[in-house]
A.B. asks: 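This is the structure, below, for whatever I ask next.
Atom set for the values below is all heavy atoms of this structure, side chains included, hydrogens, waters and symmetry mates excluded. Not measured: the values here are computed from a predicted model. Chain letters run A, B, ... following the sequence lines, proteins first, then strands; residues in each count from 1.
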Amino acid sequence: MDSATESTSPSRPLSSFFITTAIDYTNGSPHLGHAYEKVLADVLARYHRLKGDKVFFLTGVDQHGQKVQQSAEKQGVPPKQFVDGVTARFTALWEKLDIRFDGWAATTDERHKECVRRILFRLNAEGQIYKDRRGGYYSVRQEQFLTDKERNENGEFGPEWGEVEFREEENYYFRLAEHKQWLLDLIDRRSAAGTPLVIPDFRVAELRNAVEKLEGDLCISRPKARLAWGIEFPFDPNFVTYVWFDALVNYISFAPGYDPAAGADLTEFKTWWPALHVIGKDILIPAHGVYWPIMLKALGFADDEIPPLLVHGWWNISGAKMSKSLGNIVDPAVLAEKYGPETLRYYLMSDIATGRDADFSEERLVQRYNTDLANSLGNLLNRTLSMAAKYRGGVLAFGEAETRARGEAESANRVAAYTAALDRFAPDAALEAAGALASWCNGLVEESAPWKLAKDPAQADRLDAVLYTLAESLRILAILISPVLPRAAAGIFSQLNWNKAFSLADTRWGGLPGGHQLGKASPLFPRIEANAEA
RNA sequence: GCCAGAGUAGCUCAGUGGUAGAGCAGGGGACUCAUAAGCCCUUGGUCGGGGGUUCAAAUCCCUCCUCUGGCACCA
């Protein structure tokens, strides 16, 4: 897997690839959306490893905050014990889905907490943070301040909030508003330069709009009396930091070589940074699109070090949002158990366009598996090996040149489409390119009819060439599907009896030598029958 | 309400000025190496409604409708 270092894409000068996901809040079970984001990031990370890039894939969990504190209290357990339990459900799912991350960002980790404290200390010393007393309406029952959004149509706070009182409270604030114009300019400059801050680009307008409306600074603390489950302010033990300077900071606190001290040596860190942040469309505004760039700016990051955001869409269920009351929550662990992790990975990557929403359907998951994997690719492998065994004892020979030349041209075209697709973060299009190569191979079988060629000794050369072209295409296909389907790729290699390390450069035609002995055929993707669904 | 995205064949979507497309599903056929898979052919759409610009509009403009998201700490 890591044998080759050659990059096939000269358009990417960077040899390192740092990718992150949102860190999931440990107050509930993982659902399909969590799984989608992690699989997407994992596929992009695996693709870059395949290219020979140096990859760091960071994901994790956001473990602090009020909701966690409340849930733990409700269960009568310490918050740490509570988050450890929920965290274990996430890590178990990632293991099951073959999410191969390099760094685990758990915000209760001492490394993270120390980094957060040092950042707060530094920004406070540099005058980016100040203390202020502000007032508002407070719900004693819900233990939170209420905003106008919580008012009902009569302009009152409803009975669900219980007793509501006016309270004044001291808190720490981060100077956000003064960077508004800088951020607007940055968004425009990055778009003009062709390296937009937000992908897909239609979301740039959405972000710009939100920045235009930006006013006021950002409250970044909670008094300990109200929220104890957080990271204590290094210069004021009566407060903990609240969400932004905790969760968002994970992207640098767990990054290789980061040191928050002013003037620190960041040589190693800068070989990785900026990261590509993979996030859901719900947390673009304001957290990742507004707060995070300004936080980095305040920490001395240069304009070209503000990380791009790859914003993905949501999976809806039959056109509706997932919700507990509708009873339509999709549990990815159940799906992975029922159909296998790779079936789920394939579906999540093939049936949605990155950035857009899609509709989840179990029926469609089964259909895509059966048509693309079982019928097209799996059956191609099976029939190829079966014919090779039957007609040639499983031994490859080159045969005539014309058929092989056609295979070479076809696969080169598909590989080019594949890399172009993944370079623009579109696994669906990449899988389509791989599928097209499999289809072409199936067409070659029909066109050449090896079972007829086998009966005519004069066609021996042609038969050899067809079998070689099919086997060689399958070797290339295994490489192409490996970021999405690492286990199936290994299965193809195993059946081809070709267990060598590979990289993207090995998609070049002609890897299998003449005289190579193929392995034994066995269904790689058994069909899922309709009655197995209930 | 403001902003953005979407509305094209039963389903998922591509197509951004020049005779309506793909995949899947449905129908038919020839074949047999194969996971009853694959291959070939085929049914199917007044491109959300209305108006306008143009020799020509799914594509540009106006307007309306519907859905989704953001603006409000859920991937």
A.B. asks: Nearest of B/U35, B/C24, B/A34 to any side-chain atom of A/K390?
C.D. replies: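 The answer is B/A34.
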A.B. asks: Roughly how far apart, to the nearest Å, are B/G44 and B/A37 at atom C1'?
C.D. replies: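 Going atom to atom, C1' in each nucleotide, I get 26 Å.
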A.B. asks: With rounding to the closest Å, how many angstrom separate the C1' atoms on B/G29 and B/U19?
C.D. replies: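 The answer is 30 Å between these two C1' atoms.
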A.B. asks: Nearest of B/U35, B/C74, B/G69 to any side-chain atom of A/N379?
C.D. replies: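 So the side chain of A/N379 is nearest to B/U35.
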A.B. asks: On a whole-Å scale, what distance lies between the C1' atoms belonging to B/U59 and B/C39?
C.D. replies: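 Each nucleotide's C1' atom is 35 Å from the other's.
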A.B. asks: Sticking with atom C1', work out how far B/A25 lies from B/G10, rounded to a whole angstrom.
C.D. replies: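 Here B/A25 and B/G10 have their C1' atoms 7 Å from each other.
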A.B. asks: Please report the distance separating the P of B/G7 from the corresponding atom of B/G49, rounded so that it comes out in whole Å.
C.D. replies: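 So the two P atoms sit 13 Å from each other.
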A.B. asks: Can you check the distance between B/G70 and B/C64, where both ends of the measurement are the C1' atom (answer in whole Å)?
C.D. replies: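 After rounding to an integer number of Å, I get 23 Å for this pair.
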A.B. asks: Could A/K113 and A/D246 be called an ion pair, given the rule that one side-chain N must be under 4.0 Å from one carboxylate O?
C.D. replies: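 No salt bridge links A/K113 with A/D246.
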A.B. asks: When you match A/G313 and A/L381 each to their closest nucleotide on RNA chain B, which lands nearer the 5' end?
C.D. replies: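 Result: A/L381.
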A.B. asks: Hunt down any stem RNA chain B takes part in, defined as 3 or more consecutive Watson-Crick or G-U pairs whose two distances are each under 3.5 Å.
C.D. replies: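 Output for stems: B:1-7 with B:65-71, B:10-13 with B:21-24, B:26-29 with B:39-42, B:48-52 with B:60-64.
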A.B. asks: Where the side chain of A/I285 is defined as all heavy atoms beyond and including C-beta, which of B/G69, B/C71, B/A25 is the nearest nucleotide?
C.D. replies: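 For A/I285, the side-chain atoms sit closest to B/C71.
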A.B. asks: Identify the pairs formed between an N or O of the protein and an N or O of nucleotides 3-13 of chain B at a distance under 3.5 Å, and give each distance.
C.D. replies:
from : atom 1 : to     : atom 2 : distance (Å)
B/C3 : O2'    : A/N209 : ND2    : 3.0

A.B. asks: Output all residues satisfying salt bridge (charged side-chain N to carboxylate O under 4.0 Å, His left out) with A/D217, sequence neighbours left out; order by chain, then residue number.
C.D. replies: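 Scan of A/D217 (salt bridge (charged side-chain N to carboxylate O under 4.0 Å, His left out), adjacent residues dropped) gives none.
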A.B. asks: Whole angstroms only, please: what is the CG-P distance between A/L444 and B/A34?
C.D. replies: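 Going from A/L444 (CG) to B/A34 (P), I get 17 Å.
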A.B. asks: Which residues pass the side-chain contact (heavy atoms from CB on, under 4.5 Å) test with A/R414, sequence neighbours left out?
C.D. replies: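 side-chain contact (heavy atoms from CB on, under 4.5 Å) check on A/R414 returns A/E410, A/A436, A/L437.
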A.B. asks: At their closest point, which heavy atom of A/A336 faces which heavy atom of A/K96, and how far apart are they?
C.D. replies: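 Distance-wise, the nearest heavy atoms are CB-CD, 3.9 Å.
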A.B. asks: Measure from NZ or CZ of A/R368 to the centre of the six-membered ring of A/Y347 and say whether it is under 6.0 Å with the direction within 45° of the ring axis.
C.D. replies: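 Pair A/R368/A/Y347 does not count as cation-pi.
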A.B. asks: Tell me which of A/V445 and A/R368 sits closer to the 5' end of RNA chain B, going by the nucleotide each one is nearest to.
C.D. replies: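 Here A/R368 is the residue nearer the 5' end.
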A.B. asks: Which part of the nucleic acid, if any, lies within contact of A/P450, taking any heavy atom under 4.0 Å across all strands shown: a base, the sugar-phosphate backbone alone, or nothing?
C.D. replies: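 Here A/P450 touches no strand at all.
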A.B. asks: Specify the separation, in whole Å, of atom NZ of A/K520 and atom C1' of B/A34.
C.D. replies: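 About 15 Å, once rounded to whole Å.
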A.B. asks: Just the rounded figure in Å: distance from C1' of B/U35 to CG of A/L474.
C.D. replies: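 In whole Å, B/U35 C1' lies 14 Å from A/L474 CG.
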A.B. asks: Name all pairs fulfilling the ring pair (Phe, Tyr, Trp, His ring centres under 6.0 Å) condition that reach into residues 433-466 of chain A, sequence neighbours left out, sorted by first residue then second.
C.D. replies: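 Counting only pairs at least two positions apart or across chains, no ring pair (Phe, Tyr, Trp, His ring centres under 6.0 Å) contact touches residues 433-466 of chain A.
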A.B. asks: Under 4.0 angstrom, heavy atoms only, what part of the nucleic acid is A/A374 near: base, sugar-phosphate, or nothing?
C.D. replies: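 Base contact.
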A.B. asks: Taking only residues two or more places apart in sequence, or in another chain, which ones meet A/D428 in a side-chain contact (heavy atoms from CB on, under 4.5 Å)?
C.D. replies: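 A/D428: side-chain contact (heavy atoms from CB on, under 4.5 Å) contacts with A/A353, A/A426.
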A.B. asks: Quick one: which of B/G69, B/C33, B/C71 gets closest to the side chain of A/P286?
C.D. replies: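 Output: B/C71.
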A.B. asks: Nearest whole angstrom, please: distance from the P of B/A14 to the CD of A/E432.
C.D. replies: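 Atom-to-atom, A/E432 to B/A14, this comes out as 11 Å.
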A.B. asks: Can you list the residues that meet the salt bridge (charged side-chain N to carboxylate O under 4.0 Å, His left out) rule with A/R222, with sequence neighbours excluded?
C.D. replies: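 Testing A/R222 for salt bridge (charged side-chain N to carboxylate O under 4.0 Å, His left out), a comparison that skips the adjacent residues, returns none.
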A.B. asks: Not counting sequence neighbours, which residues clear salt bridge (charged side-chain N to carboxylate O under 4.0 Å, His left out) with A/E206? List them please.
C.D. replies: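 Counting only residues at least two positions away or on another chain, A/E206 forms a salt bridge (charged side-chain N to carboxylate O under 4.0 Å, His left out) with A/R203.
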A.B. asks: Classify the nucleic acid contact of A/F525 as base, sugar-phosphate or nothing, counting any heavy atom under 4.0 Å across all strands shown.
C.D. replies: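 Base, at least one base heavy atom under 4.0 Å.
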A.B. asks: Nearest to the side chain of A/D282, heavy atoms from C-beta on, is which of B/U32, B/A75, B/A34?
C.D. replies: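 For A/D282, the side-chain atoms sit closest to B/A75.
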A.B. asks: Who pairs with A/A45 by side-chain contact (heavy atoms from CB on, under 4.5 Å), at least two apart in sequence or on another chain?
C.D. replies: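 Expected list: A/I19, A/R49, A/V55, A/F57.
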A.B. asks: Expressed as a whole number of angstroms, how long is the span from A/L218:CG to B/A72:C1'?
C.D. replies: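 My rounded result for the distance is 14 Å.
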A.B. asks: Is A/N375 side chain donor-acceptor paired with the B/A37 base, going by distance under 3.5 Å alone?
C.D. replies: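 Flag unset: no donor-acceptor pair detected.
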A.B. asks: Hey, does A/L207 reach any base, or is it just sugar-phosphate, or nothing, if we go heavy atoms under 4.0 Å?
C.D. replies: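 Result for A/L207 = nothing.
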A.B. asks: By the 4.0 Å heavy-atom rule, please label A/N382 as base, sugar-phosphate, or nothing.
C.D. replies: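 A/N382: base contact, heavy atoms under 4.0 Å.
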A.B. asks: Listed by chain and number, what are the side-chain hydrogen bond (donor to acceptor under 3.5 Å, both in side chains) partners of A/T241, not counting sequence neighbours?
C.D. replies: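 For A/T241 there are no side-chain hydrogen bond (donor to acceptor under 3.5 Å, both in side chains) partners, ignoring immediate neighbours.
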A.B. asks: Indicate yes or no: does A/R345 engage A/D98 in a salt bridge with an N to O separation below 4.0 Å.
C.D. replies: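 No, A/R345 and A/D98 are not salt-bridged.
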A.B. asks: Distance check, P atoms only: B/U54 and B/G45, in whole angstrom units.
C.D. replies: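 About 32 Å, rounded to a whole number of Å.
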A.B. asks: Give a yes or no on whether a salt bridge exists between A/D456 and A/R462, defined as a side-chain N under 4.0 angstrom from a carboxylate O.
C.D. replies: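 Looking at A/D456 and A/R462, the cut-off is not met.
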A.B. asks: Look at all strands and tell whether A/N27 reaches a base, only sugar-phosphate, or nothing, counting heavy atoms closer than 4.0 Å.
C.D. replies: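 No contact.
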A.B. asks: Determine the interatomic distance between C1' on B/C3 and the same-named atom on B/G17; round to the nearest Å.
C.D. replies: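 The same atom, C1', in both gives a distance of 29 Å.
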A.B. asks: Tell me: CZ of A/F90 to P of B/C74, nearest whole Å?
C.D. replies: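 About 14 Å, once rounded to whole Å.
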A.B. asks: Anything under 3.5 Å between a protein N or O and an N or O of nucleotides 40-42 of chain B, put it in a table, one pair a line.
C.D. replies:
none

A.B. asks: Kindly write out the residues that satisfy side-chain contact (heavy atoms from CB on, under 4.5 Å) with A/V243, not counting sequence neighbours, or none if the list is empty.
C.D. replies: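 By the side-chain contact (heavy atoms from CB on, under 4.5 Å) rule, A/V243 matches A/A247.
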A.B. asks: Whole angstroms only, please: what is the CH2-P distance between A/W451 and B/A34?
C.D. replies: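 Atom CH2 in A/W451 sits about 10 Å away from atom P in B/A34.
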A.B. asks: Considering only side-chain heavy atoms of A/D24, which listed nucleotide, B/A75, B/U35, B/C24, is closest?
C.D. replies: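 My answer, after comparing the listed nucleotides, is B/A75.
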A.B. asks: Between atom CG in A/L470 and atom P in B/G38, what is the gap in whole Å?
C.D. replies: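 One finds 16 Å between P of B/G38 and CG of A/L470, rounded.
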